[in-house]
Protein chains: 2
Amino acid sequence: MRLSTKARYGVRAMVRLALSQKDGPVQLSLIAEKEGVSEKYLEHLFRHLKANGLVLSQRGARGGYVLARPAEKITLYEIVKALEGSLAPVDCLKQADLCERSLFCATREIWKGLKKKIESYLKSKTLSELAQEQEEKINAPIYHI
Amino acid sequence: MRLSTKARYGVRAMVRLALSQKDGPVQLSLIAEKEGVSEKYLEHLFRHLKANGLVLSQRGARGGYVLARPAEKITLYEIVKALEGSLAPVDCLKQADLCERSLFCATREIWKGLKKKIESYLKSKTLSELAQEQEEKINAPIYHI
DNA sequence: TAGTTTTCCTCTAGATTTAGTAGGAATTAA
DNA sequence: TTAATTCCTACTAAATCTAGAGGAAAACTA
């Protein structure tokens with residue numbers, strides 16, 4: 001049940017974008033530096049984010065990315081799904097004929113329920129909530145003596 | 001967020017075990033045949049199930065496996081965890097020092113919440129529930145004309 | 001006791017997925 | 001025109017998944 005780095009890095013990049021886009025498009029080079037992720041890898045991730053209508057891009061000098069919608073209107077579900085492809089724990093949920101047992105399989109119902117739980121949780125979290133929490137964490141660090 | 005075949009086959013095998021063990025230990029060869037999974041692969045899975053105290057084994061002729069506890073006392077969480085190792089969506093939940101950002105990472109809190117949702121769902125499902133549902137599905141099949 | 005059945009154990013290996021990197025084309029601002 | 005930036009297509013090393021082979025150990029049966 002692990003998320004790939006696509007989802008992990010991608011969500012962090014989106015938070016960074018939400019926090020940084022006040023001054024116009026944000027370059028991948030900035031996100032790469034701040035998040036400690038390779039710029040080349042971010043290119044892949046943002047392709048998916050763009051294809052799924054989550055960000056808009058501006059090419060050329062002083063270009064970059066901005067959120068396609070206000071952060072309050074973007075859920076974590078959308079981000080993770082755009083990057084991970086699907087949140088189904090098992091493939092037979094998308095494609096029942098992968099397994100001839102599908103119709104009589106009790107475990108399949110369990111996985112279906114699990115998928116719903118995961119999705120409803122991620123749908124309940126918006127990017128703006130996450131960005132705000134991130135800001136608070138940065139502004140209220142723990143000081144060591 | 002996909003489960004491996006370990007968890008998928010393992011849960012099905014446990015359901016099969018719950019349904020078949022009335023007449024004594026169940027051999028892997030039987031489960032393999034019924035579930036369409038290689039016996040050799042089941043050996044691997046049952047090693048983990050046994051190591052985690054979910055099944056007991058009897059070696060030798062007419063040996064096999066039985067549940068270590070009544071099916072009502074075994075949750076899906078235990079089975080999946082035994083086979084999958086961990087249900088953490090990201091590794092930094094188990095080992096915070098994997099990432100220097102852990103202490104100030106808002107996304108980490110999200111993944112922690114997601115892990116809790118997954119676990120509480122799987123803890124709420126017992127093997128006996130699952131076995132009963134499976135039995136009903138078998139006894140009430142859909143007939144095609 | 002001998003033979004058979006079954007779990008137990010270690011080692012090996014192909015297939016698939018992950019996590020990137022390389023190199024350059026296209027676009028835009030200055 | 002130049003520099004900056006996204007966009008696109010390949011390629012690849014490493015990890016993980018999904019087993020399979022071969023035999024040792026244990027226990028039942030005759």
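Labels below follow one simple rule: chain letters A, B, ... track the order of the sequence lines, proteins then strands, and each chain is numbered from 1.
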Q. Just how far, in rounded Å, is P of C:dA19 from CG of A:L3?
A. 10 Å
Q | Closest non-hydrogen atom pair between B:T126 and B:A71, with its separation | A | CB-O, 4.1 Å
Q.
Distance alone, cut at 3.5 Å: any donor-acceptor contact between the side chains of B:Y77 and B:S124?
A. no
(Q) Starting the side chain at C-beta, find the nucleotide from D:dA27, D:dT6, C:dA19 nearest to B:Q58. (A) D:dA27
Q: Check whether any side-chain nitrogen or oxygen of B:S57 sits under 4.0 Å from OP1 or OP2 of C:dT7, and answer yes or no.
A: no
Q: Establish whether the base of C:dT18 is bridged to the side chain of A:H44 by a donor-acceptor pair shorter than 3.5 Å.
A: no
**Q.** First encountered from the 5' end of DNA chain C, between A:G60 and A:R8
**A.** A:R8
**Q.** Interatomic distance where CE belongs to A:M1 and C1' belongs to C:dT17 [whole Å]
**A.** 17 Å
Q.
So if I take every side-chain heavy atom of A:L28 and compare against C:dC9, D:dT6, D:dC8, which nucleotide ends up nearest?
A. D:dT6
Q: Choose from D:dC28, C:dT28, C:dC8 the nucleotide whose nearest atom is closest to any side-chain atom of B:R62.
A: D:dC28
Q: Could you please name the option among D:dG22, C:dC8, C:dT21 that lies closest to any side-chain atom of A:K40?
A: C:dT21
Q.
Classify B:E43 by what it touches in the nucleic acid, base, sugar-phosphate, or nothing, heavy-atom distance under 4.0 Å.
A. base
Q. Roughly how many Å is it from CZ in B:R47 to P in D:dG20, rounded to a whole number?
A. 16 Å
Q.
Side chain of B:E39 only, heavy atoms from C-beta on: which candidate in C:dT10, C:dT7, C:dA29 is closest?
A. C:dT7
Q) Any side-chain N or O of A:Y41 under 4.0 Å from OP1/OP2 of C:dA22? A) no
Q: Please determine, by modelled atom types, if A:T75 and A:K123 share a side-chain donor-acceptor pair under 3.5 angstrom.
A: no
**Q.** Given C:dA19, D:dC8, C:dT7, the nucleotide with the shortest approach to the side chain of B:Y65
**A.** C:dT7
Q. Which one, C:dG20, C:dT7, C:dT27, comes nearest to the side chain of A:R59?
A. C:dT27
Q) What's the CD-P distance between B:Q27 and C:dT4, to the nearest Å? A) 18 Å
Q | B:S38 side chain near D:dG20 phosphate (N/O to OP1/OP2, under 4.0 Å) | A | yes
(Q) Strictly below 4.0 Å: does B:Y9 bring a side-chain N or O up to OP1 or OP2 of D:dT18? (A) no
(Q) What's the separation between atom CG in B:L114 and atom CG in A:L76, rounded to the nearest 0.5 Å? (A) 9.0 Å
Q.
Considering every strand and a 4.0 Å limit on heavy-atom distances, what is the contact class for B:F46: base, sugar-phosphate, or nothing?
A. nothing
Q: Ignoring hydrogens and angles, tell me if any N or O in the side chain of B:R108 forms a donor-acceptor pair with the backbone of B:L103 under 3.5 Å.
A: no
